[in-house]
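Model, not experiment: these values are computed from the prediction. Below, chain A is the first sequence line, B the second, and so on; all start at residue 1.
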Protein chains: 2
Amino acid sequence: MTGARRDGDDPRLEAILTALCADGGRATVQRRIVVSALLAGPRHVTAEELAATVQARHPDIATSTIYRTLEALDRQGVVQHAHLGHGPAVYHLNDTDHLHLVCESCGHVIEVPGSAYEAFARLLAEDYGFRVAPHHFAVQGRCGACAAEPGLPQRGGAVGA
Amino acid sequence: MTGARRDGDDPRLEAILTALCADGGRATVQRRIVVSALLAGPRHVTAEELAATVQARHPDIATSTIYRTLEALDRQGVVQHAHLGHGPAVYHLNDTDHLHLVCESCGHVIEVPGSAYEAFARLLAEDYGFRVAPHHFAVQGRCGACAAEPGLPQRGGAVGA
DNA sequence: TGGCCAACTGCGAGCTGCATGCGTTAGCGT
DNA sequence: ACGCTAACGCATGCAGCTCGCAGTTGGCCA
């Protein structure tokens, strides 16, 4: 897997480290490792998953360092985190404008391009003066597969349709 | 103010207790007190706030009872809970179809009628087969007052895209 | 090239928010 | 009134972070 690759392969790594340094921050070896794992891993990871990935090869990196690095990355706008339902927060790179559809039933996360909610965001801005923050915009519901199952019925004032 | 009122004032109380009993549940004095506090209190409360309200007058009611009562109410569809951002979950009566706009800056929660996102929900259903669950539908962003402040700028894509 | 200083790290304790097991209490149908 | 059992109170436990502290280290400036 990534074992044979050097960390410096991904050009995004240097860009991110530069962004971290831009505000008086420092590019430490630990941060380099954490960011590399973030770039190499799946699209959405929890802090715990990232910690497990990092610590598998670098057991000397503390979990709190992972959290603090993610916090720093979040502050710089490099990554975003969202609280999808009940579990821990998930982090992902802030490279595309999209929102998350989270299936309550199977936990699957569908990414939807930002254009999908453009009209909705505009409506909220015009009628309520509310500016939607796309990061953090997680919509709960049921994906197509789970909605088809006869499991649990839809509750509450289901949105027309 | 509520001190002089009897708990039985609100007709909704009996309806909710009946709903609780409908499924083999029981209408205990504790549940009566918890539901009364829920009806008398503000629109959105955390479990902790509700526990504080209840225990102010009934210190012998355990916190776990509050949680279990809220869970039972949630199961019956009487209340809904949503995770608005980082804090604890908030509970509210399931009486109107609405979604929550949560201001990241000041924490204010704006309620928006369900009709506002009907078109958006339909789009998600048609294009992605995703059925939005209105409860849990919390949109993060900045309210009009906070958006006007020169605080933090809106962030966008940062990584090399 | 060396020194300085603050940012950062690791460790670990602690905190919040909630879940759960257990023995006891008390609704509620009969 | 009786008995079944849901619900209660208490205590404890767990996940997911957060924070304080002492030691380390990166990056800047002379």
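Residue whose closest nucleotide on DNA chain D sits further toward the 5' end, between B:P59 and B:R31: B:R31. Nearest-nucleotide mapping onto DNA chain C: of A:A62 and B:G25, the residue sitting toward the 5' end is A:A62. For B:Y67 and B:R26, each mapped to the nucleotide of DNA chain C holding its nearest heavy atom, the one lying further toward the 5' end belongs to B:Y67.
Counting non-hydrogen atoms under 4.0 angstrom, A:G87 reaches nothing in the nucleic acid. Among the heavy atoms of the strands lying under 4.0 Å from A:A89 are primed sugar atoms or P, OP1, OP2 only; no base atom is included. Here B:A27 lies in heavy-atom contact (under 4.0 Å) with sugar-phosphate atoms only.
Atom P of nucleotide C:dC11 and atom CD1 of A:I66 are separated by 12 Å, given to the nearest angstrom. Rounded to whole Å, atom C1' of C:dT9 lies 15 Å from atom NE2 of A:H58. Atom CD1 in B:I61 sits roughly 17 Å away from atom P in C:dT25 (whole-Å rounding). Between the CG atom of B:L20 and the C1' atom of C:dG27 there is a distance of 13 Å, given to the nearest Å. The distance from atom CG of B:L84 to atom P of C:dG17 is 13 Å, rounded to the nearest whole Å. As rounded to whole Å, 13 Å separates atom C1' of C:dA7 from atom CD of A:Q76. The CG atom of B:L50 sits 12 Å away from the P atom of C:dC18 (whole-angstrom rounding). Distance, A:H81 NE2 to D:dG16 P: 15 Å, rounded to whole Å.
A donor-acceptor contact under 3.5 angstrom links the side-chain atoms of B:S64 to the base of D:dC10.
With hydrogens and angles ignored, the 3.5 Å screen pairs a side-chain donor or acceptor of B:Q55 with a backbone N or O of B:I61. At distances below 3.5 Å, not a single donor-acceptor pair connects side-chain atoms of A:R31 with backbone N or O atoms of A:L17.
Ring geometry for A:H86 versus B:H81: interplanar angle of 30 to 60°, hence tilted.
Within the 4.5 Å cutoff, the side chain of B:V78 has no heavy atoms near those of the B:L20 side chain. Within the 4.5 Å cutoff, the side chain of A:L13 has heavy atoms near those of the A:S36 side chain. Between B:V112 and A:D127, the closest side-chain pair of non-hydrogen atoms is not below 4.5 Å.
Atoms CZ and CD, on A:F120 and B:E118 in that order, are 11.5 Å from each other to the nearest 0.5 Å. Expressed to the nearest 0.5 Å, how far CD of A:E48 lies from OH of A:Y67 amounts to 6.5 Å. Rounding to the nearest 0.5 angstrom, the gap separating the OH atom in B:Y128 from the CD1 atom in A:I110 is 9.0 Å. The structure places NE2 of A:H92 at 7.0 Å from CG of A:N94, a figure rounded to the nearest 0.5 Å.
At its two ends the helix from C:dT1-D:dA30 to C:dT30-D:dA1 runs along axes set 40° apart, each axis drawn from five pairs and the angle rounded to 10°.
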Could you list the protein-to-nucleotides 21-23 of chain D atom pairs, N/O on both sides, closer than 3.5 Å?
none

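Look at B:T28 and you'll find a side-chain N or O under 4.0 angstrom from OP1 or OP2 of D:dC8. Within the 4.0 Å cut-off from OP1 or OP2 of C:dG10, at least one side-chain nitrogen or oxygen of A:T65 is found. Between B:Q30 and D:dG9 there is a side-chain N or O to OP1 or OP2 distance below 4.0 Å.
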